[in-house]
Amino acid sequence: MPSAANIKTRWRLSDILDLEYFLHRDETDNSDPDAAKTLALHDREIYLGHIRGKDPEEIPRPRRFIVKSWLSRRRSEEKAALPPEAPLPGEVYEEIYRLLSWIFALLGLLSGAGIASSFLIYRGIEPLNVAYYFGALILSQFLLMLVLVILLTFRLVNRSFSENAILYSLISRLLVRLFLWVKKRMVKSLSGNRRSGIEAALGVVRGRRKVYGTLFYWPVFILAQVFGVCFNIGIIAATLIKVVTADIAFGWQSTVQFSPEMVHDLVRTIALPWSWFVPPGIAYPSLAEIEGSRMILKEGIYFLATENLISWWPFLCFSVLFYGLIPRALLLIMGMVAKHRTLDKQDFEFSDIDRLMHRLQSPQVSTKGSPTSKSAIPEGLKEVQSSASSTPVQQERPAGETVVALVPDDIFDEVTDDQLKSVVEKVLGFQVREKIRIGAEYDSDRAVLERVGRLDWQNGRPHVLLLQEGWQPPIRETLHFIQELRNTIGEKGGIEVGLIGK
């Protein structure tokens, strides 16, 4: 049997959207006690029948594997229950993103070819100015990519910057609008619950950035690079077609009195990336060709030689290739690798998944009377009978994972340290790291939040257990404290609310 470390699970963005869809559906179902029990039993059956395997003593699976296996099972059940034309959010996303990729590629080709063609209109009166072509189609691109690299570097320092970037906002809005447009036309036959689930999955693009990090930034970045790659392909294609099918003459001129030697040195420096394997006569114009293609208005084109005027186009094509196309292709590859690495880093350590893991891994114990015959026991409840007389259920936790217990002032002395540690270890699987008094007064609670925020969790997730007396209503102050606690420990921090008797 493979070890947990060897179980590799490949996730896609469409899987994340489907996961959010099902999590939202389950949260809606949990509002009804009977539906919550049915959901817990169903998830436990999925775990026993499709995830854990036949040997209960085998090595535990990673959370990524468990969640992906559960998702695959839920997805197959959903597709079996839905009409063929009704899609899941992940399918809608893949269709839209595929369509956008083709649109951006086509727009890039057409715009690159169109802009290049506008600079290649030659009427035989005056040669085309190399400086115009190079500045508009090559230098401007290089400067934009340089800015992009600086912004990417800045994003590594300030994670929130990419969320506020103009390009990110524009393309993500386009993605959202297309998603809504497709949804309205493809899910008319779905129930209101399923439609709201798809809308909730769409909301993950805007609302889960703190949980998923830059995951939804990279598809937008990739689309921009697809446009850039095809834009440069369009420039090169239009230039080569024009050179092959028409008589094109290139020259150079400037109000500033640059010498041909200075221009030759500049051109030779620009051609360094390819001049080491391309012959000098092709890689860039020679000094004589540069002198022979210099345009002087009072002399006109009559004294310019054809061999000098046509010596520039290979240099221009190589410039577009090495300063436009290749950098864009490298950025495209970098974006694809970064997207997959970000997906591979997703640990699914947040509260919704915690509740799912609890349903999957906790045996369902029923207090109702059981049938007298073993054969009459439903398949999903056979495990319940064997677990009902066992020790209290303990959730599976990584070794050494700890929790901070926040205990209200009026029951702080009633809850002894030994009792607290014993119950928390048996029920939640945590080691109690610290027991802290809360609820005495506002200033002390603020100090507790600051204290929790400064704790070092040793590269693990923050976990907080908030004890409450079960008979007390959830007053506004308590809800506000939980909200402040969430802001303190972050989106991925775990908050457990433990209810105790009077």
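All values below were derived from every heavy atom in this structure, side-chain atoms included, with hydrogens, water molecules and symmetry-related copies excluded. From a predicted model like this one, the values you see are computed outputs, not experimental measurements.
In this structure a side-chain-to-backbone donor-acceptor pair under 3.5 Å is present from Asp15 to Arg12. At least one donor-acceptor pair under 3.5 Å links the side chain of Gln346 to the backbone N or O of Thr342. Side chain of Tyr323 to main chain of Ile270: a donor-acceptor pair is present (N/O by atom type, distance under 3.5 Å, no hydrogens or angles). The closest donor-acceptor contact from the side chain of Lys339 to the backbone of Pro219 lies at 3.5 Å or more, if one exists at all.
Between Trp274 and Phe315, the ring planes lie tilted relative to each other; the angle falls in the 30° to 60° range. The aromatic rings of Trp218 and Phe221 stand perpendicular to each other, their planes meeting at an angle above 60°, with 30° marking the opposite boundary. Classification of the Phe227-Phe231 ring pair by plane angle, with boundaries at 30° and 60°, yields parallel.
At least one side-chain heavy atom of Leu19 sits under 4.5 Å from a side-chain heavy atom of Phe348. A 4.5 Å side-chain heavy-atom check between Asp344 and Trp11 finds every atom pair outside the cut-off. Val267 is listed as a side-chain neighbour of Pro285, based on a closest heavy-atom distance under 4.5 Å. Asn129 is not listed as a side-chain neighbour of Phe119, based on a closest heavy-atom distance of 4.5 Å or more. Two residues are said to be in side-chain contact when any heavy atoms from C-beta on lie closer than 4.5 Å; Tyr284 and His264 meet this criterion. Arg73 places none of its side-chain heavy atoms less than 4.5 Å from the side chain of Ser69. Residues Pro89 and Tyr93 fail the side-chain proximity criterion, which asks for heavy atoms closer than 4.5 Å. Contact check for Leu343 versus Ile16: side-chain heavy atoms found under the 4.5 Å cut-off.
Minimum heavy-atom separation, Leu137 to Ala116: CD1-CA, 3.9 Å. The two residues Arg268 and Asp265 have their closest heavy-atom pair at NH2-OD1, 3.0 Å. Taking all atoms of both residues into account, the shortest heavy-atom contact from Cys317 to Thr239 is SG-CG2, 3.7 Å. Shown here for Val229 and Ala329, the closest heavy-atom pair between the two residues is CG2-N, 3.6 Å. Heavy-atom minimum distance, Leu360 versus Asp43: CD2-O, 3.1 Å. In this structure, Ala283 and Ala271 approach most closely via the heavy-atom pair O-CB, 4.1 Å.
From Leu23, atom CG reaches atom CD1 of Ile353 across 4.5 Å, with rounding to the nearest 0.5 Å. Atom CE in Met336 sits 12.0 Å away from atom CD in Gln225 (nearest 0.5 Å). For the atom pair Leu321 CG and Ile235 CD1, the distance stands at 11.5 Å (nearest 0.5 Å). Within the model, atoms CG of Leu223 and CG of Leu332 stand 10.0 Å from one another, a figure rounded to the nearest 0.5 Å. Remark: Leu88 CG to Lys79 NZ distance equals 5.0 Å, nearest 0.5 Å. The OH atom of Tyr133 sits 6.5 Å away from the CZ atom of Phe250 when rounded to the nearest 0.5 Å.
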Exercise for review: Might you work through the side-chain contact (heavy atoms from CB on, under 4.5 Å) test for Glu484 and His480, ending with a clear yes or no?
Suggested key: CA-CA 6 Å; Glu484 291 294 320; His480 178 71; 3.6 Å; yes

Review point. How far apart are the C-alpha atoms of Glu291 and Glu261, what are their side-chain angles, what is the distance that settles it, and do they pass the side-chain contact (heavy atoms from CB on, under 4.5 Å) test?
Key: CA-CA 8 Å; Glu291 290 177 341; Glu261 291 79 7; 3.9 Å; yes

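Salt bridge absent: Glu78 and Arg75 never bring a charged side-chain N and a carboxylate O closer than 4.0 Å.
Side-chain atoms of His358 and Glu496 include no donor-acceptor pair closer than 3.5 Å.
Checked against Arg359 for a salt bridge (Lys or Arg N to Asp or Glu O under 4.0 Å), the options Asp352, Asp354, Asp26 give a single hit: Asp26.
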